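If you read the sequence from its start, that first residue is 1, and numbering goes on from there. As the structure is a prediction and not an experimental result, all values here were calculated from the model.
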Amino acid sequence: MATKKRLSLAWLLLLMCFLQPAKAQYIDYHQTTVYVGMALPRTNLSDFAEQGINVGIREVIPLRKHVSLMVSADLFRNRLSPQVHAADHQQGFSYTDIGKIYNIPIFAHLNFGFRMDRHSNFRIWTEGAMGVNFRVVTVEKGMIDQTFATDAGTVHYQGSFLTAYDQPKISFATQWGIGVTLFRRYSIGYMRYNLGKRSLTGTRIISNPHFLYDDGSEAPSDGLTAVPSLVEFNLGNLRSRYHVVRFGITF
């Protein structure tokens with residue numbers, strides 16, 4: 001609730017700036033900016049993600065003095081946190097390919113900026129944005145080796161598995177940030193993204209499942225409860241929320 005109030009206040013301030021009579025020097029201009037930064041999940045456990053990278057491109061369209069409309073497209077790439085698979089490791093799963101989370105938000109922004117001095121090349125700005133986010137999680141692969149103690153010896157339930165996540169997931173997204181621009185070309189900013197919340201669901205398939213003794217000979221499966229060969233799962237909601245510190249170049 002507090003986040004929504006802060007976002008509403010930011011939009012109100014930007015709208016007031018837009019409606020005020022313009023007296024200062026016109027400093028905004030058409031430009032295209034590309035940027036790159038480090039994307040840090042705001043909480044690892046609830047976001048299911050590790051730190052990653054953010055890249056993007058934006059187009060700036062001046063509206064009036066100090067106020068610009070921006071349209072941007074971003075790409076976030078983060079690996080799934082090992083915490084997601086903690087229970088799997090206890091059941092004998094080992095991963096060779098960990099899932100990657102790709103978020104692709106498309107935003108419309110309002111940007112308000114002004115120069116610290118009329119003749120300087122130092123500009124400070126703040127902005128708010130709303131848009132839509134597309135989330136994709138890549139396929140995961142690995143091996144399973146689940147052990148059972150029997151009267152005849154230790155039995156291994158083995159096989160390979162593939163986990164496919166349901167996608168794409170689409171959600172409402174917001175973003176706000178502050179920063180500085182130097183010489184109308186270089187910018188450094190801190191951005192805070194909330195890319196929405198959607199369930200993390202999918203299907204896991206175990207291929208070529210078999211039971212073996214320690215010496216590699218085939219073992220009977222009677223009385224053994226192994227992991228099912230096909231499982232549909234729901235890990236709960238994945239919140240895509242990131243802190244980003246990034247650097248941009250304007251062309």
Side-chain angles (χ1 to χ4, degrees), residues 2-11 13-14 31-61 68-84 98-113 122-138 168-198 200 237-251:
T3 300
K4 292 182 179 180
K5 289 182 178 179
R6 287 195 297 267
L7 181 61
S8 300
L9 180 59
W11 276 103
L13 291 175
L14 288 171
Q31 59 182 348
T32 300
T33 300
V34 295
Y35 46 86
V36 60
M38 182 66 69
L40 302 174
R42 284 159 57 182
T43 56
N44 284 335
L45 182 59
S46 63
D47 292 346
F48 291 147
E50 294 184 315
Q51 68 182 34
I53 191 171
N54 162 242
V55 297
I57 185 170
R58 64 168 48 175
E59 181 71 19
V60 178
I61 305 169
S68 298
L69 173 67
M70 294 182 173
V71 179
S72 69
D74 289 59
L75 172 65
F76 288 80
R77 181 185 183 275
N78 300 78
R79 196 174 78 155
L80 276 172
S81 170
Q83 295 171 332
V84 175
I98 298 294
K100 311 297 189 302
I101 306 172
Y102 289 91
N103 286 290
I104 307 172
I106 299 174
F107 286 115
H109 311 241
L110 275 180
N111 178 281
F112 173 72
F122 181 82
R123 181 173 181 260
I124 187 169
W125 49 263
T126 184
E127 67 182 56
M130 293 187 296
V132 62
N133 178 58
F134 301 87
R135 189 194 78 206
V136 174
V137 183
T138 62
K169 294 294 181 73
I170 303 173
S171 57
F172 175 73
T174 60
Q175 176 252 310
W176 68 266
I178 57 175
V180 297
T181 299
L182 305 174
F183 307 107
R184 291 195 171 190
R185 184 170 176 84
Y186 308 104
S187 64
I188 301 173
Y190 164 74
M191 322 301 294
R192 188 162 176 161
Y193 288 82
N194 185 345
L195 304 182
K197 177 175 66 174
R198 284 292 182 270
L200 189 62
N237 288 324
L238 188 158
R239 299 175 181 270
S240 297
R241 303 174 298 175
Y242 298 99
H243 299 288
V244 176
V245 178
R246 71 185 187 204
F247 173 74
I249 301 179
T250 298
F251 299 94

Run the side-chain hydrogen bond (donor to acceptor under 3.5 Å, both in side chains) check on Glu59 and Thr32 step by step: do they pass? CA-CA 5 Å; Glu59 181 71 19; Thr32 300; 2.4 Å; yes

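- Here the closest non-hydrogen pair linking Tyr242 and Ala39 is CD2-CB, 4.1 Å.
- Looking at every heavy atom in both residues, His109 comes nearest to Ser72 through NE2-OG, 2.6 Å.
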Given Asp74 and Met191, is the side chain to side chain contact (heavy atoms under 4.5 Å, CB included) satisfied, shown in steps? CA-CA 12 Å; Asp74 289 59; Met191 322 301 294; over 6 Å; no

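- When each of Leu238, Asn133, Asn103, Val132 is checked for a side-chain contact (heavy atoms from CB on, under 4.5 Å) with Ser171, only Asn133 meets the rule.
- Rounded to the nearest 0.5 Å, atoms CG (Leu195) and CD1 (Ile104) are 11.0 Å apart.
- If you take OG1 on Thr181 and CZ on Phe122, they are separated by 9.0 Å, rounding to the nearest 0.5 Å.
- The two residues Glu50 and Pro41 make their nearest non-hydrogen contact at O-CG, 3.5 Å.
- Remark: Tyr102 engages no residue in a ring-ring contact (aromatic ring centres under 6.0 Å, His included) (not counting sequence neighbours).
- Taking both residues in full, the closest heavy atoms of Thr138 and Ile98 are given as OG1-O, 4.3 Å, listed atom of the first, atom of the second, then distance.
- Every residue two or more places apart in sequence or in another chain that forms a salt bridge (charged side-chain N to carboxylate O under 4.0 Å, His left out) with Arg58 is listed here: Glu127.
- For the pair Asn194 (side chain) and Arg241 (backbone), a donor-acceptor distance under 3.5 Å is absent.
- Taken from CG in Leu69 to CG in Leu110, the straight-line distance is 6.5 Å, to the nearest 0.5 Å.
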Applying side chain to side chain contact (heavy atoms under 4.5 Å, CB included) to Asn111 and Val60, what does each step give before you reach the verdict? CA-CA 9 Å; Asn111 178 281; Val60 178; over 6 Å; no

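- Relative orientation of the His243 and Tyr190 rings is parallel, given thresholds of 30° and 60° on the angle between their planes.
- Listed here is the closest heavy atom pair of Asn78 and Gln51: ND2-C, 3.4 Å.
- Note: Trp125 CH2 to Met70 CE = 7.0 Å, rounded to the nearest 0.5 Å.
- When all heavy atoms of Phe48 and Ile101 are compared, the closest pair comes out as O-CD1, 3.6 Å.
- Judged as a salt bridge (charged side-chain N to carboxylate O under 4.0 Å, His left out), and not counting sequence neighbours, Arg77 has no contacts.
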For side-chain hydrogen bond (donor to acceptor under 3.5 Å, both in side chains), just list the numbers for Tyr35 and Asn54, CA-CA rounded to whole Å, side-chain angles, deciding distance to a tenth of an Å, and then say yes or no. CA-CA 8 Å; Tyr35 46 86; Asn54 162 242; 5.8 Å; no

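- For the atom pair CZ of Arg123 and CG of Leu182, the computed distance is 11.5 Å after rounding to the nearest 0.5 Å.
- When the shell of 6.0 Å around CZ of Phe247 is examined, it contains more than 12 heavy atoms from other residues, nucleotides or ligands.
- Cation-pi contact between Arg185 and Phe251: present, with separation from the ring centre below 6.0 Å and deviation from the ring axis of at most 45°.
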Run the numbers on Arg192 and Gln175 for side chain to side chain contact (heavy atoms under 4.5 Å, CB included), then give the verdict. CA-CA 6 Å; Arg192 188 162 176 161; Gln175 176 252 310; over 6 Å; no

